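First the proteins, then the strands, lettered A, B, ... as listed; each starts at 1. The structure displayed is predicted, hence computed values, not measured ones.
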2 protein chains.
Amino acid sequence: MTIAGENTENQILTAASQVFILKGFDGARMQAIADQAGINKALLHYYFRSKEKLFDAVFSEVAANLFPAMKQVIEAELEMKEKITFFVKMYVKTLLENPFIPAFVINTLNTNPNRFLTHIKKAGINPMLLQKQIDEEAVLGLIRPMKAEHLLVNIISMCIFPFVARPIIQNIFEMNNDEYQLYLESRQTEIVDFVLKSITV
Amino acid sequence: MTIAGENTENQILTAASQVFILKGFDGARMQAIADQAGINKALLHYYFRSKEKLFDAVFSEVAANLFPAMKQVIEAELEMKEKITFFVKMYVKTLLENPFIPAFVINTLNTNPNRFLTHIKKAGINPMLLQKQIDEEAVLGLIRPMKAEHLLVNIISMCIFPFVARPIIQNIFEMNNDEYQLYLESRQTEIVDFVLKSITV
DNA sequence: GTCTATACTCTGATAGAC
DNA sequence: GTCTATCAGAGTATAGAC
């Protein structure tokens, strides 16, 4: 396989990511992807047989990067409060670098559930471990007792939502783009504060 | 205008809502809407000139019901903690009755931002009022000082997110559909608890 | 591997009969 | 108002030359 081939394949994947993420599967056009990659439509089909297959390749890659970092933090050897602090900062930082990923996943999830289901292997996150730690620290009086499925979802909700509902929030609070960027950054410490205050006994 | 006409128009709007909400603008097919309404495509164009206009009609209706109830609670004459309790319970209850609306709005927001922008009149929510109340109650020591744009977004995030990320959450925590329904219901009190504990001085 | 040209299907929209 | 039939354009996919 020639070097040119490798490059083209990556070019296509990069272009496809951008278009699919921005428009979703149904809104994306093969022509737009070809343009973005600086090639023609025929070549897309040469490398990936169909639009579906191309989407799968993109989605796999995106999905693959969704959980591992999360899992690593969740399973780290840290006290819960440190873990939360670390997790939120890392997670919001990642989102700031990939602000359109969450909406893309949510969109796929809801309008093309079948397409998503073929990619679900398993998140790989073990909520039992998290629950165990919460229980232990609750006994020690470090935090209050709580269900893992609420704590984790609460935290992730607050991290992600401002990225997917941006236009609405920006409208309600009348922020311009620069202000919203600052707002998103400020949420890192804000969410940590909010959560820690809530779980402190 | 005949009664039959009125009925047909409503039939179309109902069918169109269902299809658009499930598939998004790009994924929706006029044929699917016609089938759902029990009529043919031509009649869709007779009542609404184009797919875009039909979508606008649907989206207006959905968007119109998004904020008013919210606004009413936010501007009610209640102490902040009561207000939050009332708001969360009402809001999650509304979502349980319309579980696909949030994903639909988020999808439209992100893949067809222009389409959404034509509908933004103004949320009508005045965050200044909320901030004023927070400030006043903070002085009285009823709650801790906080920025309205964080408190409100935190609350709404936690209410909405489990509805748009359902498949992922359900997968991680290995819940079946019945369990997830119970989970969603349990979040009403869970979110209230979580927030009140956080904002208590 | 990459291109141009084209086949074929789907879909939004219209014409015209009833 | 409602239907059948059909058009025009867009979009995915393929054929075939280089």
Name of the residue among A:Arg166, A:Glu190, A:Gln170, A:Met175 meeting side chain to side chain contact (heavy atoms under 4.5 Å, CB included) with A:Tyr183
A:Met175
Looking at A:Tyr47, does any N or O in its side chain come under 4.0 Å of the phosphate oxygens OP1/OP2 on C:dT2?
yes
Where does the angle between the aromatic ring planes of A:Phe55 and A:Phe20 fall among parallel (under 30°), tilted (30 to 60°) and perpendicular (over 60°)?
perpendicular
Below 6.0 angstrom between ring centroids: does that apply to B:Phe173 and B:Tyr180?
no
With a distance cut-off below 6.0 Å to the six-membered ring centre and an angular limit of 45° from the axis, does B:Arg115 pair with B:Phe59 as a cation-pi contact?
no
A:Glu52 atom CD is separated from D:dG11 atom P, nearest whole Å, by 17 Å
B:Leu140 CG to B:Asp135 CG distance, which is reported to the nearest 0.5 Å:
11.0 Å
Which whole-number value in Å describes the distance from A:Lys51 NZ to D:dT12 P?
5 Å
Answer yes if the ring centres of B:Phe104 and B:Phe100 are under 6.0 angstrom apart, and no otherwise.
no
Which of residues 15-36 of chain A have a heavy atom under 4.0 Å from DNA chain D?
A:Ala28, A:Arg29, A:Met30
Tell me: CG of B:Leu44 to C1' of D:dT4, nearest whole Å?
15 Å
Hey, is the side chain of B:Lys41 pairing donor to acceptor with the base of C:dG12 inside 3.5 Å?
yes
Calculate the interatomic distance between A:Leu43 atom CG and D:dT12 atom P; express it in whole Å.
16 Å
Side chains of A:Met158 and B:Phe161 in contact at under 4.5 Å (non-hydrogen atoms):
no
CD1 of B:Ile12 versus C1' of D:dG1: gap in Å, rounded?
11 Å
Report the distance from atom CZ of A:Phe55 to atom C1' of D:dT12, rounded to the nearest whole Å.
16 Å
B:His45 side chain N/O closer than 4.0 Å to the phosphate oxygens (OP1, OP2) of C:dA13?
yes
Would you indicate, yes or no, if D:dT2 has its OP1 or OP2 atom less than 4.0 angstrom from a side-chain nitrogen or oxygen of B:Thr8?
yes
Output the rounded distance in Å from OH (B:Tyr46) to P (C:dA17).
17 Å
So, OP1 or OP2 of D:dC3: does either fall under 4.0 Å of a side-chain N or O from B:Asn40?
yes
